[in-house]
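Below is one structure; the comments refer to it alone.
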Amino acid sequence: MERFRKLCTSRTFVMFLALILVFTWGASRLFYFQIVKGKEYSEKAQNQQLSDREIEARRGTIYDCQGNVLAQSATVYNIYIDPSQITDDNRSVLINMLSDVLEYDDEKKQELAEKTEKDGKYVIVENKVEYNIRKKITEFMDDSENAKYKLRKCLGFEESTKRYYPYGTLASPVLGFIGSDNQGLEGLEAYYDEQLSGTNGRIISIADAKSKSISDEFETTIPAKDGNSLVLSLNSSIQYTLEKELQYTLEEYDAKGTYGVVMDCNTGAVLAMASLPDFDCNDPRTVIYDKYIDDIHNEPDEKKKAELESEYVQKQWRNFTVSDTYVPGSVYKTFMASAALEENVATLDTTYTCTGKIRVEDRIMNCHLRSGHGTETFTQGLENSCNPFFITIGQRLGVHNYFKYFDGFGFTEKTGIDLPGEARPQFYKENEYSIVELSSASFGQTNNISTIQMCTALCAVANGGTLYKPYVVSEIQDTDGNTISKTEPTALRQVISKETSKTVLQMLKSVVDNGTGKNGYVAGYNVGGKTGTSTKLGEFKEGEKTKYIVSFAAIAPVDDPKVAMIIICDEPSIDLGGGAICAPIAVAVTEETMKQLGVEPTYSDDELENLSVKIPGVTGNDTDKAKATLVAAGFTVKTVGNGEKVARQSPSAGTAVPNGGIIVLYTDSENKDETVEVPDFSGLTVSEANKLAASFNLNIEISGNDSTDALVVAYKQSEDEGSKVPIGTVIKVTFKSTEAVLD
């Protein structure tokens, strides 16, 4: 009995000890799960029970000043799969179907196969596919023959957005582009990213133990807030013309780059801004400039080829007009003339005798005309872009007054334009000038400024002397089109008087009428302009060809200025100045800008004599009477057929044809239009081109420099050589002086 009692006691003790051990183990495990791992397991449980999906906000639209869409986000779809619902029966069907619709190669197909075997319930297959792709996939899944595979259980779509740029390359360095996460990376997309991006929303739902949604009543939706939209000051028509002309020049002169800015001189609004070579906003990482493509193709080393491609992509993104500086050259003489007149150190009667050079301390500074210009008035000095004349003007001003206007026109600070990466100007401070630096700076060497600074300062010369802050975004709108903020013109300071402004404008007009800027002439509009050339010192080795930047500044019309512009060509392959290379671009841009702004031309008597006139309609009239009417109006008439009435005419009624132009009358309805191959007008003078056109029964419209000077020749025509056109067609032929003035 005693033995039994001891046995029970020992068993009880063991059981008690076991219970204590079990309790201790349980408590320790509970402590481990709830305290040590509590947060981790709580998050895991919550993740299993809660489904949290993001709703992507739609990025705001970017419009030009006329409401044309330049950048817009549209709905696209992300394709995802649920590997837990994929079975052996439908795996291969799913893989083959997606690979076919998404046009996968073998490598991508293998990647997709691996995704179908992953753990989890949500795996992205493809991002941002178009609606037509979704439609093909949906139709396949819903097809009666494929329904047995139950693909809808293992594949789904979620809405996303994709950025589209309808005009591709138009204003691409200004607009910029976005990254895969919808964040702005360059241009306005980056600068106004916070305004454009909006705020993403969320859908939060509760799931059961098998991760199936319980009910919609347990689902919470936080809607996305779409981004605001931008209305730009850019005009797409002016922008297109600027880019087209810059592209032509870029290729014609095999240049490093061509750049331009057009501004409303009375507000600071940028009407057009271009920096070529550029890129396609829809595909920003692809090189599109032929010269770059050839360089990449000709590089044999694969590593260097990849580095070169990356370098060129970066160059295409760069907006030179804002992010880089250059030495302005003789265009800067515009501001020297303004300062000299304002400070009364020179008048229009001031004269100087140019011998082709001038001594400044221990060195000789040359004029571009080594033989010298002789005695000149102040206006003639600007017309001729005479360096020695403006060196003496700078010395009369002195360092203090020179720097006063250099600072006043905004060349010592950034403009504050609403674009990223604005370059800081590089210049001598007032206490750093010697007589040599002052003399060099007086004709546009020494200091580096940006293109946007130059155009902003030109606006001040044009508008009566007020310096305005430049801007690109004129308005920000919410998703309902309501205006949130509007950019008002910001006047920074008065730099020169209205009287000085008027005087300088007339001097600039004289540069176009009589001086180095003759190629900037536009019939019907009094254009003022200034040519410029600057040597890129330090950028070429001894024995290498000198590298230049050439430019042309224009203001139009000078009697009531509306716009100012600066056109630049960087390292042209031929040593021609800004008057020969850049002024013709300004002509085309000025014509389009005046048209867009509704500024009617005012023709002089001489211009009226050469003005094209609209053809009267004579279709249906008696042939002899119609012919007499046209001849009396000054036209040359050619008749095709023997009919008594005019069946049709070429060019058609209302077409503008030069005085004395050819009109073709077809008198039988069965007569086919007679055609002719367009000849090559390039290199011909105005009179030679007129004769050639007449011999082909064609009309030509003369554009650009219409001087009869032997150096003024055709360089561009609206119809390609060899193309067939009806006789009587009007061919627009553009002329320019080829006089090489590297001023």
Side-chain angles (χ1 to χ4, degrees), residues 241-262 272 274-278 289 291 320-321 324 326-334 368-369 383-385 444 451 454-455 458 508 511-512 515-522 527-536 539-540 545-556 565-591 682-683 703-707 709 711-717 733-743:
T241 301
L242 175 63
E243 290 187 15
K244 181 182 69 173
E245 297 299 322
L246 289 175
Q247 185 69 39
Y248 180 91
T249 301
L250 180 74
E251 295 171 358
E252 181 184 15
Y253 295 102
D254 195 26
K256 178 181 178 181
T258 50
Y259 325 112
V261 178
V262 183
S275 182
L276 273 64
D278 55 7
Y289 182 29
K291 184 177 179 181
F320 179 94
T321 64
D324 290 88
Y326 75 109
V327 178
S330 291
V331 171
Y332 191 79
K333 292 170 183 172
T334 304
H368 66 86
L369 185 64
E383 289 173 5
N384 297 327
S385 198
T451 311
M454 173 59 77
C455 202
L458 284 169
L508 293 174
V511 171
V512 172
T516 59
K518 289 179 181 177
N519 285 334
Y521 166 79
V522 181
V527 177
K530 183 67 194 79
T531 55
T533 305
S534 58
T535 305
K536 301 180 76 172
E539 294 195 27
F540 56 94
K545 180 180 179 293
T546 304
K547 297 179 180 179
Y548 297 104
I549 280 188
V550 299
S551 57
F552 183 75
I555 295 170
M565 69 185 74
I566 179 73
I567 308 294
I568 298 173
C569 181
D570 192 354
E571 296 184 21
S573 58
I574 302 174
D575 291 345
L576 293 174
I581 295 176
C582 299
I585 299 174
V587 169
V589 175
T590 298
E591 288 175 337
S682 61
S703 178
N705 192 335
D706 63 355
S707 170
D709 191 311
L711 291 175
V712 175
V713 296
Y715 77 100
K716 191 167 58 173
Q717 56 194 74
V733 181
T734 308
F735 294 82
K736 69 178 180 181
S737 172
T738 56
E739 188 174 2
V741 179
L742 291 171
D743 60 337

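Just so you know, these numbers use all the heavy atoms, side chains as well, and skip hydrogens, waters and symmetry mates. Model, not experiment: these values are computed from the prediction.
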Criterion side chain to side chain contact (heavy atoms under 4.5 Å, CB included) on Asp743 and Lys530, from CA distance to verdict
CA-CA 10 Å; Asp743 60 337; Lys530 183 67 194 79; 3.3 Å; yes

With rounding to the nearest 0.5 Å, note down the distance linking [atom1] in [X] to [atom2] in [Y].
X	Y	atom1	atom2	value
Leu242	Ile585	CG	CD1	8.0 Å
Cys582	Tyr259	SG	OH	11.0 Å
Tyr326	Ser534	OH	OG	7.5 Å
Thr334	Leu508	OG1	CG	5.0 Å

Name all residues meeting the salt bridge (Lys or Arg N to Asp or Glu O under 4.0 Å) criterion together with Asp706; count only those two or more places apart in sequence or in a different chain, and write none if there are none.
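Asp706 satisfies salt bridge (Lys or Arg N to Asp or Glu O under 4.0 Å) with no residue once adjacent residues are dropped.
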
Minimum heavy-atom distance between [X] and [Y], given as atom pair plus value:
X	Y	result
Lys536	Asp570	NZ-OD1, 2.8 Å
Gly444	Val327	O-CG1, 3.0 Å
Gly520	Ala583	N-CB, 3.8 Å
Leu250	Gly257	CD1-CA, 3.7 Å
Met454	Pro328	CE-CB, 3.4 Å
Ala556	Val527	CB-CG2, 4.2 Å

Between Lys333 and Ser385: side-chain donor-acceptor atoms closer than 3.5 Å
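Yes.
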
Gln247 and Glu251: side chain donor to acceptor below 3.5 Å
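Their side chains do contain a donor-acceptor pair, which is all the 3.5 Å distance test asks for.
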
Should [X] and [Y] count as side-chain neighbours, where that means a heavy-atom distance under 4.5 Å?
X	Y	value
Asn519	Phe552	no
Ile581	Thr249	yes
Asn705	Tyr521	no
Met565	Val589	yes
Thr531	Ser551	no
Lys518	Val511	no
Thr258	Ile568	no
Ile549	Thr533	no

Test Thr535 against Thr546 for side chain to side chain contact (heavy atoms under 4.5 Å, CB included), laying out the working first.
CA-CA 7 Å; Thr535 305; Thr546 304; 3.5 Å; yes

Quick one: side-chain hydrogen bond (donor to acceptor under 3.5 Å, both in side chains) pairs with a partner in residues 572-581, sequence neighbours left out?
Lys545-Asp575

Could you tell me which residues satisfy side chain to side chain contact (heavy atoms under 4.5 Å, CB included) with Thr734, sequence neighbours excluded, listed by chain and number?
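In terms of side chain to side chain contact (heavy atoms under 4.5 Å, CB included), with neighbours along the sequence ignored, Thr734 is linked to Ser703, Tyr715, Lys716.
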
Ignoring hydrogens and angles, tell me if any N or O in the side chain of Ser275 forms a donor-acceptor pair with the backbone of Phe320 under 3.5 Å.
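Answer holds: yes.
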
Between Lys736 (side chain) and Ala580 (backbone), is there a donor-acceptor pair under 3.5 Å?
yes

